[in-house]
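Please read the structure below before turning to the comments.
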Amino acid sequence: MDTVADPEELQALTTRWRREGLRIGFVPTMGFLHEGHCSLMDVARPHCERLVVSIYVNPTQFGPKEDLDRYPRDPEGDAAKCLRHGVDLLFTPPTLYPDGFSTGVTVSQLTSGLCGARRPGHFDGVTTVVARLFGLVQPDLAVFGEKDYQQLQVIRRMVLDLAMGIEVVGGPLIRDPDGLAMSSRNAYLSPANRERGLSLHRAIFAMRDAARAGETRASALKDLGHSLLQVDRVDYLEVVDPLSLKPIEQVSEGSRALVAAHVGGTRLIDNVGL
Ligand code: AMP
């Protein structure tokens with residue numbers, strides 16, 4: 001596995017691979033890798049001849065009061081995991097934006113609700129950095145986790161709208177054995193807060209079970225979910241159409257429950273298909 005920090009060096013390598021006709025797979029991350037990230041590498045690996053993983057904690061997708069400064073890091077552990085999962089090239093730029101960088105990519109509509117409403121500017125930061133990473137890596141295929149369900153739909157929209165010609169693949173949400181959705185931010189949780197954090201998955205899985213048992217009213221499902229949450233603050237608990245991400249009143253095939261909540265200063269998200 002090669003590790004490259006310089007964006008131009010990275011692009012020279014991927015340009016050569018493209019000229020040689022090699023299919024490039026890509027998994028962008030912010031590091032502090034866990035099994036959720038590694039599962040995306042495993043999804044990509046059989047579908048590409050060169051697998052690139054990037055690790056970059058992108059400042060522009062963090063709000064002014066968010067956790068950019070304390071975001072957990074483990075460069076050596078990350079590299080070992082990438083090696084184990086067959087990564088060919090690990091891209092670890094110290095910064096990604098050249099002097100004078102002045103371009104932004106905005107996806108509207110899909111970003112107006114859920115995390116977009118609660119984290120102003122977040123998705124602009126995400127789509128802009130992912131667009132730049134796509135330009136550098138020039139992937140044929142990019143894998144994103146369903147853990148960040150709204151992000152996955154926003155990236156799909158961007159790739160379609162800007163005719164980027166990249167196949168965007170969603171990887172399933174990976175959980176710890178106790179059900180907590182894996183996240184780099186789980187490192188912030190004390191044992192007591194982790195216990196309360198488990199209420200997110202309990203809430204949405206109870207909603208799923210109720211939907212399977214025949215409850216079709218989103219309001220009833222949300223009441224049930226709220227009654228189970230043991231958090232400090234709920235950002236949202238919604239039942240949405242899986243493509244438009246618009247809240248719905250009646251559940252149908254494919255509808256999705258999404259939750260975001262704060263536990264002891266840590267923001268957690270989770271989602272499940274109903
Ligand atoms: P992050 O490092 O948090 O920016 O995440 C990088 C990628 O890993 C994104 O596509 C996430 O959706 C994905 N990811 C993070 N956690 C999980 C998880 N528990 N299961 C599946 N994918 C995940």
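Ligands are counted one by one from 1 in listed order, and the atoms in each one are counted from 1 as well.
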Quick one: nearest non-hydrogen protein atom to [atom], plus distance?
{"atom": "atom 13 (C) of ligand 1", "value": "Leu40 CD1, 3.5 Å"}
{"atom": "atom 21 (C) of ligand 1", "value": "Pro172 O, 3.3 Å"}
{"atom": "atom 16 (N) of ligand 1", "value": "His34 CE1, 3.2 Å"}
{"atom": "atom 17 (C) of ligand 1", "value": "Lys147 CB, 3.5 Å"}
{"atom": "atom 11 (C) of ligand 1", "value": "Asp148 OD2, 3.1 Å"}
{"atom": "atom 20 (N) of ligand 1", "value": "Ile174 N, 2.8 Å"}

For this session: Any chance you could measure Arg256, atom CZ, to Arg208, atom CZ, to the nearest 0.5 Å?
Result: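 Result: 10.5 Å between the selected atoms.
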
Exercise. About how many Å separate CZ of Arg18 and OG1 of Thr14, when rounded to the nearest 0.5 Å?
Worked result: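 Going from OG1 on Thr14 over to CZ on Arg18, the span is 8.0 Å.
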
Exercise. Do other residues, nucleotides or ligands put more than 12 heavy atoms under 6.0 Å from Glu20 CD?
Worked result: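 Yes.
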
Problem set entry | SB check Arg23 Glu167 (cutoff 4.0 Å) |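 Salt bridge: yes.
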
For this session: Decide, yes or no, whether a salt bridge links Arg202 with Glu195 under the criterion of side-chain N to carboxylate O below 4.0 Å.
Result: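 Yes, Arg202 and Glu195 are salt-bridged.
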
Exercise. If you measure from atom 5 (O) of ligand 1 to every heavy atom of His37, Met30, Gln151, which option wins on shortest distance?
Worked result: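 Selected option, by shortest heavy-atom distance: His37.
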
At a 4.0 Å threshold, what atoms of ligand 1 neighbour a non-hydrogen atom of [X]?
{"X": "Phe144", "value": "10 (O)"}
{"X": "Leu173", "value": "20 (N), 21 (C)"}
{"X": "Pro28", "value": "6 (C), 7 (C)"}

Problem set entry | Donor + acceptor pair across side chains of Tyr97, Asn58 (<3.5 Å) |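 Side chains of Tyr97 and Asn58: pair found under 3.5 Å.
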
For this session: Would you tell me whether Asp241 and Ser244 have side-chain atoms, one donor and one acceptor, within less than 3.5 Å of each other?
Result: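 A pair is found: one side chain offers a donor N or O, the other an acceptor, under 3.5 Å apart.
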
Problem set entry | Contact (N/O only, under 3.5 Å) between Gly145 and ligand 1 |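 Yes.
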
Exercise. Is there any N or O on Met182 that sits under 3.5 Å from an N or O of ligand 1?
Worked result: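 In this structure, Met182 places an N or O atom under 3.5 Å from an N or O of ligand 1.
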
Exercise. When Asp176 is tested against each of Arg194, His201, His34 for side chain to side chain donor-acceptor pair (under 3.5 Å), which residue passes?
Worked result: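 Exactly one option meets the side chain to side chain donor-acceptor pair (under 3.5 Å) with Asp176, and it is Arg194.
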
